[in-house]
Amino acid sequence: MTTDAIVMPTTELDLEKVLLSGQTFRWQRDDQGWWISPIGSDGTILRAQQESGVLYVEACGGRAKDIAALYFHAGTSLLSLRDRWLSDDALELAVAIDNSPGLRIVRQDPVECLFSFLCSSAAPIHRIRRCVDGMSRLLGRDLGVHHGVQLWAFPEVERLAGVLRADLDSLGLGFRGRYIGDAARMVVERGGSHWLASLRSATYEEAKLELVQIPGVGEKVADCVCLFSLDKHQAVPIDVHMARVARRKFDECRDVKSITPKAYETFSGSFRARFGEFAGWAQQYFFYAEIERRGLWDQELGRHRPKPLSP
DNA sequence: CTCGCACCTCA
DNA sequence: GAGGTGCGA
C-alpha cells in the first residue's frame with residue numbers, strides 16, 4: 001500500500017475538525033496517530049494524516065488519492081467559496097469561514113450515511129458513533145486489524161433488510177432501531193445501494209422526495225443524506241440548533257417557533273435564498289459555530305466534562 | 001397546518 | 001430532557 005500526498009493547506013482542510021464535526025461517525029486514530037475509517041460496505045479503508053499543509057492518504061480497495069479527493073470534495077475550494085460569498089455581500093459567512101478554517105463537507109457512501117442519520121434523532125455524536133459501530137460489528141464484513149484497530153465494513157443494505165428488531169436490541173439504538181429494518185427493505189425494493197447512489201444524478205428536489213418516502217426519514221435526515229452523500233450542496237438540514245441560528249439571522253424566521261414542515265421550508269429556504277447553491281456548506285459553518293458558542297462539543301463527543309470545583 | 005406526545009436509552 | 005419522526009387531535 002502506497003502513501004499518496006495531496007496538497008491541502010489547513011485553510012482548505014482541517015482533518016480533525018471535519019471528521020469530528022457530526023457529518024461522519026466512524027473515524028478514529030490508529031496506533032500511529034493517523035485517522036482511519038472503513039468507507040461504506042465494499043471493504044474500502046481510508047487512512048489519512050495531515051502535516052504542514054499536505055494531506056497524506058492510504059487506502060485499501062482503490063487508489064488512495066482518488067478516494068480521498070472524492071471523499072473530501074477536494075475540487076471545491078473554500079477560498080473560492082469565501083470569495084463568492086464575499087462578493088455576494090454575505091460578509092457574516094466569510095467571517096464564519098474565517099472562524100472555522102478548514103471545515104468542509106465530506107462525500108460519504110449513501111447507504112452508510114442514510115443509516116447513520118437514521119440513528120441520529122435526539123442523540124449526541126458519541127451515541128450515533130456507538131450505534132453505527134454496533135451495526136457494523138454485528139452485520140458488516142470483518143476487515144481485520146489495521147494499524148492496531150479492528151475494522152468492520154458498514155453492513156450491506158441487503159443484510160440490514162434481513163434484520164429483526166430484536167437483533168438490534170443490544171446496540172443501544174433505542175426507539176431508532178424500529179426504522180432500520182423497514183428502511184433497508186424499502187431501499188432494497190427500489191434497487192439497493194445502486195438506487196441510492198443514482199440519486200446523485202437526480203435534482204435535489206427529486207432526491208429529497210424519494211428519501212422522505214423511507215420509513216424514519218423526515219426532512220432533516222433526508223437533507224443530511226443529500227448534503228453528506230449525494231452531492232446536493234444546497235441541502236440545509238434544520239435541527240433545533242440551526243432553527244435557532246435562523247431565528248437570529250433572518251427576519252422571516254424570527255417568530256417561527258416549532259419546526260413544522262412549513263417552518264422547515266422557511267428556515268431552510270432562508271439559508272438557500274441568502275447563500276445560494278452551496279447553502280449546505282454555509283450551514284455547516286453556522287452549525288459548527290453554534291455548537292461551539294454554546295460549549296456543546298464536549299458533550300456531543302462524549303468527552304469528559306470537568307466538574308466545576310466547589311469554592 | 002399546528003400542536004402534543006410517544007418512542008428507548010443514556011447522560 | 002435529548003441535534004427527529006410519525007401519529008392522532
Side-chain angles (χ1 to χ4, degrees), chain A residues 20-25 100 103 105-106 108 113-135 138 163-187 208-228 235-248 252-253 255-269 271 280 283-308:
Chain A
L20 297 181
S21 61
Q23 304 178 52
T24 183
F25 305 97
S100 311
L103 183 60
I105 299 296
V106 297
Q108 295 177 243
C113 188
L114 169 63
F115 288 92
S116 298
F117 282 98
L118 221 38
C119 302
S120 71
S121 49
I125 291 170
H126 67 92
R127 184 171 181 187
I128 305 171
R129 290 184 72 100
R130 188 159 27 94
C131 294
V132 174
D133 186 59
M135 286 191 281
L138 188 67
V163 84
L164 275 3
R165 183 74 197 280
D167 297 332
L168 300 170
D169 276 352
S170 62
L171 305 184
L173 284 157
F175 63 82
R176 303 152 194 85
R178 101 174 113 142
Y179 302 123
I180 305 285
D182 289 341
R185 286 184 280 278
M186 177 171 292
V187 172
K208 191 166 172 185
L209 224 45
E210 292 290 337
L211 290 171
V212 293
Q213 315 263 85
I214 300 170
V217 178
E219 293 212 71
K220 156 68 165 56
V221 171
D223 273 330
C224 287
V225 175
C226 279
L227 180 61
F228 301 137
V236 179
I238 299 297
D239 58 21
V240 295
H241 298 303
M242 288 309 296
R244 195 166 46 233
V245 172
R247 286 185 200 104
R248 283 204 306 267
E252 68 272 30
C253 296
D255 299 317
V256 183
K257 322 171 273 171
S258 55
I259 310 174
T260 62
K262 182 179 160 61
Y264 191 100
E265 183 49 35
T266 304
F267 290 133
S268 196
F271 284 99
Q283 167 275 157
Q284 195 64 20
Y285 285 100
F286 292 127
F287 176 78
Y288 190 91
E290 180 67 5
I291 302 296
E292 183 97 353
R293 164 188 161 119
R294 298 174 75 87
L296 261 27
W297 279 117
D298 283 348
Q299 203 178 104
E300 284 295 334
L301 296 172
R303 287 177 182 147
H304 177 62
R305 200 170 21 148
K307 260 196 170 158

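A, B, ... follow the sequence lines: proteins, then strands. Residue 1 opens every chain. All figures in this text were calculated on a predicted structure; none of them were measured in a lab. Just so you know, these numbers use all the heavy atoms, side chains as well, and skip hydrogens, waters and symmetry mates.
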Provide, to the nearest angstrom, the distance between the [atom1] atom belonging to [X] and the [atom2] atom belonging to [N].
X: A:H126; N: C:dA2; atom1: NE2; atom2: P; result: 15 Å
X: A:I128; N: C:dG4; atom1: CD1; atom2: C1'; result: 11 Å
X: A:I180; N: C:dG4; atom1: CD1; atom2: P; result: 16 Å
X: A:D182; N: C:dT5; atom1: CG; atom2: C1'; result: 13 Å
X: A:I259; N: B:dT2; atom1: CD1; atom2: P; result: 13 Å
X: A:D169; N: B:dC10; atom1: CG; atom2: P; result: 11 Å
X: A:L301; N: C:dG3; atom1: CG; atom2: P; result: 13 Å
X: A:R176; N: B:dC7; atom1: CZ; atom2: C1'; result: 9 Å

From the set [options], return the single nucleotide nearest to any side-chain atom of [X].
X: A:K262; options: B:dC1, B:dC8, B:dC3; result: B:dC1
X: A:Y179; options: C:dT5, C:dG3, B:dT2; result: C:dT5
X: A:F287; options: B:dC8, B:dT2, C:dG3; result: C:dG3
X: A:V240; options: B:dC8, C:dG4, B:dC3; result: C:dG4
X: A:F175; options: B:dA11, B:dC7, C:dT5; result: B:dC7

Taking the same atom, P, in C:dG3 and in B:dT2, what whole-Å distance lies between them?
->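 So the two P atoms sit 23 Å from each other.
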Sticking with atom P, work out how far B:dC8 lies from C:dG8, rounded to a whole angstrom.
->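 After rounding to an integer number of Å, I get 16 Å for this pair.
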Give me the atom names and distance for the closest heavy-atom approach of [X] to [Y].
X: A:V221; Y: A:S120; result: CG2-OG, 4.5 Å
X: A:L118; Y: A:A183; result: CD2-CB, 3.6 Å
X: A:V256; Y: A:R247; result: O-NE, 2.6 Å

Would you mind pulling out the nucleotide paired to C:dG3, Watson-Crick or G-U wobble, both distances under 3.5 Å?
->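 Answer to the pairing question: none, since C:dG3 forms no Watson-Crick or G-U pair.
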Are any of [X]'s side-chain N or O atoms less than 4.0 Å away from OP1 or OP2 of [N]?
X: A:T260; N: B:dT2; result: yes
X: A:R165; N: B:dC8; result: yes
X: A:S120; N: C:dG3; result: no

In terms of the nearest nucleotide of DNA chain C, which residue is placed more toward the 5' end: A:G216 or A:D239?
->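 Comparing both residues, the 5'-ward one is A:D239.
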Closest-nucleotide 5' rank along DNA chain C - winner of A:P215 and A:W297 =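 Nearer the 5' end of the strand: A:W297.
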Any chance you could lay out the ring-ring contact (aromatic ring centres under 6.0 Å, His included) test for A:F25 and A:F115, step after step, and finish with the verdict?
-> CA-CA 11 Å; A:F25 305 97; A:F115 288 92; over 10 Å; no
Taking the six-membered ring for Trp, are A:F228 and A:F117 parallel (under 30°), tilted (30 to 60°) or perpendicular (over 60°)?
->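 Rings of A:F228 and A:F117: parallel, as their planes differ by under 30°.
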Per the atom types in the model, does the base of B:dT9 pair as donor or acceptor with the side chain of A:R127 at under 3.5 Å?
->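 Yes, a donor-acceptor pair under 3.5 Å.
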Do A:R244 and A:H241 get their side chains close enough for a donor-acceptor pair, meaning under 3.5 Å?
->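 Yes, A:H241 and A:R244 have a side-chain donor paired with an acceptor closer than 3.5 Å.
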When we call it a touch if two heavy atoms are under 4.0 Å apart, what does A:L296 touch: a base, just sugar-phosphate, or nothing?
->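 Nothing: the residue A:L296, judged by heavy atoms under 4.0 Å, touches no strand.
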